Amino acid sequence: MDLPESSTAKNGRQRKTVVSWEMKDGEGSYSSSLPMEDEALLGPGHEDDEGRPKGRGGIGTELGSVSLLLFLYVLQGIPLGLAGSIPLILQSKNVSYKDQAYFSFVFWPFSLKLLWAPLVDALYFSRFGRRKSWLVPTQYLLGLFMLCLSATVDSLLESDRGPDVMTLTAVFFMLAFLAATQDIAVDGWALTMLSRDNVGYASTCNSVGQTAGYFLGNVLFLALESADFCNSYLRFEPKATGIVTLSDFLFFWGVVFLVSTTLVAIFKKENPRQQQHKKKKKKMMMMPLDESQGVMETYKLLISIIKMPAVFTFCILLLTAKVGFSAADAVTGLKLVEEGVPKEKLALLAVPMVPLQILLPLLISKYTAGPRPLDVYYKAFPCRLLIGLGYAVLVWWTPSVRQEKDFPLYYYAVVLFSYAVHQVALYSMYVASMAFNAKVSDPVIGGTYMTLLNTVTNLGGNWPSTLALWLVDPLTLKECRGAAAAQSCGSPEAAELCSRMGGTCVTSLDGYYVESLVCVLIGFSWWFLLGKRLKSLQDETPSAWQCRTHK
């Protein structure tokens, strides 16, 4: 269960490792660590051998660049946070879980960036700048999308036939795709915008910026959009609506994107000394990723890595390992909203988790730094499965403790404790898998290697979550009670007919509980049958993980 967004990962979004290959919520972010254009911070003659500006006097001399990176990462988190809030809004409007499954595809682009990242890294206008060629158009499109969406989002959510989920999915998928593309460009620019001495701050900007942006777009928005929250804490006179609406929020950030992008385009320059192939000034041109490797070579390299037996086995295990957690992670938060838990309070429960999410990787890393990090993964696996059963019990218990307008304080304490325990198990597996990825990645092509493994890891969480949402409704059994004649409730039309005949559709078996049990059984089967195979990969020789082109 992800309290802020009730969907992924988020898989969340969990979080960071090395400088040149960032991870957001466990997601590998492609950016080339090979030679690239530099930022003209100190003028000609003040670059190192790799073209990076030399640091003079520590981070104080580069506060402008650090501030810009931080701001860009905050902007990047805004559309992700907004996308994460939509499932909770849809659930409060009683959409089907099939519709939630459709919308879950919105969270896939950040896990698929590797497919188009080499293009972003290699195609650009040399006169405008390698990173700005993608960053500026992408952010303009994000701003325009938000402005256009602000004018139509209310009609999409409040139509006579219910929310237009398919259109919402398409629009927010494009927002996520653009944010993922922006992430590639910003990550790449971060490596050359800062000097060698200060380039480590890029990871800090990434972590803090995206977390802050997600908080603004998700937790803050849900709080300000809630009439109950605003009336309780922010107003003296109650009103029927919150302080802001989704359209207001989208319009505001759309304007911010457009204005800030214009300022970056005008005032932030990339180093003209590094512009290459000037004879193609006005054409989009392809620059090699290094002196011998182009875009096609990069894709061929990825395929060659996947074909290696050890890597192929590891990828299959990563793609199937999270099936056992899918019901708990993807559906629990939505079920709590369905049972009446206010979505804004559910989101706010994530705030106390921030210190825990910062400390957990540090505490767990001492156990995963050795030669067998997957031992931690293996031990945490059954604990996380049992926590999933605990979530099912929590959902079952929720209606019985609901009071007239809200839930008692001890209920939220139980939810917070459950979420904290879940985070311990989740981060134990996350840090262990990232440690193993770093351990086996061929250092000659470490960036590509790491991003491939991170991408597979995220896909292993995305597809089970989407499938879990899809299957909730088919596995749910409802019967019509009180009707004059026998009537089923197997479809919306049948339910409407039941109501016209004076009956009421009552859930006799909730598909969520069926999924929770089945997923846990599948998870324990995976643990018994394949868990030891996963651990045995740690016994492979280093040569088993080296790319064949480098053997």
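Note that the structure is a prediction, hence the values are computed from the model and not measured. For the single chain, residues carry numbers from 1 onward in sequence order.
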### Message
Could you check whether any side-chain heavy atom of Arg402 comes within less than 4.5 Å of a side-chain heavy atom of Glu339, counting everything from C-beta outward?
### Response
no
### Task
Taking only Lys NZ, Arg NE, NH1 and NH2, and the carboxylate oxygens of Asp or Glu, determine whether Asp329 and Lys322 approach each other closer than 4.0 Å.
no
### Task
Measure centre to centre between the rings of Phe173 and Tyr102, then say whether the value is under 6.0 Å.
no
### Query
Does any donor atom in the side chain of Asp99 or Ser96 lie under 3.5 Å from an acceptor atom in the other side chain?
yes
### Contact check, side chains of Leu509 and Tyr513, non-hydrogen atoms, under 4.5 Å
no
### Query
Does the pair Thr368 and Tyr377 meet the rule for a side chain to side chain donor-acceptor pair (under 3.5 Å), with working shown?
CA-CA 9 Å; Thr368 60; Tyr377 189 102; over 6 Å; no
#### Entry: Side chain to side chain, Phe314 and Leu534, heavy atoms closer than 4.5 Å
yes
### Message
On a heavy-atom basis, which atom in Gly511 and which in Thr476 lie closest, and how many Å separate them?
### Response
N-OG1, 2.8 Å
### Query
Can you find a pair of side-chain heavy atoms, one from Gln100 and one from Val165, that are under 4.5 Å apart?
no
### Query
At what distance, to the nearest 0.5 angstrom, does OH of Tyr419 lie from OH of Tyr391?
7.0 Å
### Task
Report yes or no: do Asp187 and Tyr73 form a side-chain donor-acceptor pair below 3.5 Å?
yes
### Task
Could you tell me whether Trp545 and Phe436 have their ring centroids closer than 6.0 angstrom?
yes
### Task
Might you confirm whether atom OH of Tyr410 has over 12 heavy atoms from other residues, nucleotides or ligands at distances under 6.0 Å?
yes
## Note on the structure
Of Leu222, Leu250, Leu216, the one forming a side-chain contact (heavy atoms from CB on, under 4.5 Å) with Leu82 is Leu250
### Task
Check the side chains of Tyr97 and Glu338 for a donor-acceptor pair under 3.5 angstrom, ignoring hydrogens and angles.
yes
### Message
Please give me the minimum heavy-atom distance between Ala544 and Glu540, naming the atom from each residue.
### Response
CB-OE1, 3.7 Å
#### Entry: 4.5 Å side-chain heavy-atom contact, Leu112 and Phe177
no
### Task
For residues Leu349 and Met353, report the shortest heavy-atom separation together with the two atoms involved.
O-CG, 3.9 Å
### Nearest heavy atoms of Ala432 and Pro373, plus distance in Å
CB-O, 3.3 Å
### Task
Please report the closest heavy-atom contact between Lys343 and Ser92, naming both atoms and the distance.
NZ-OG, 4.3 Å
### Task
Kindly assign one of parallel, tilted or perpendicular to the pair Tyr430 and Tyr427, based on the angle between their ring planes and the thresholds 30° and 60°.
perpendicular
### Query
Between Phe407 and Tyr412, what is the ring plane arrangement, given parallel below 30°, perpendicular above 60°, and tilted in between?
perpendicular
### Task
Run the numbers on Leu469 and Leu334 for side chain to side chain contact (heavy atoms under 4.5 Å, CB included), then give the verdict.
CA-CA 10 Å; Leu469 290 166; Leu334 300 178; 3.6 Å; yes
### Message
If you define the side chain from C-beta out and look only at heavy atoms, does anything of Trp116 sit under 4.5 Å from Ile184?
### Response
yes
### Query
In a check of ring-ring contact (aromatic ring centres under 6.0 Å, His included) between Phe105 and each of Phe103, Phe107, Trp108, which one passes?
Trp108
### Query
Considering all heavy atoms of both residues, which atom of Leu175 and which atom of Pro79 are nearest to each other, and what is their separation?
CB-CB, 4.5 Å
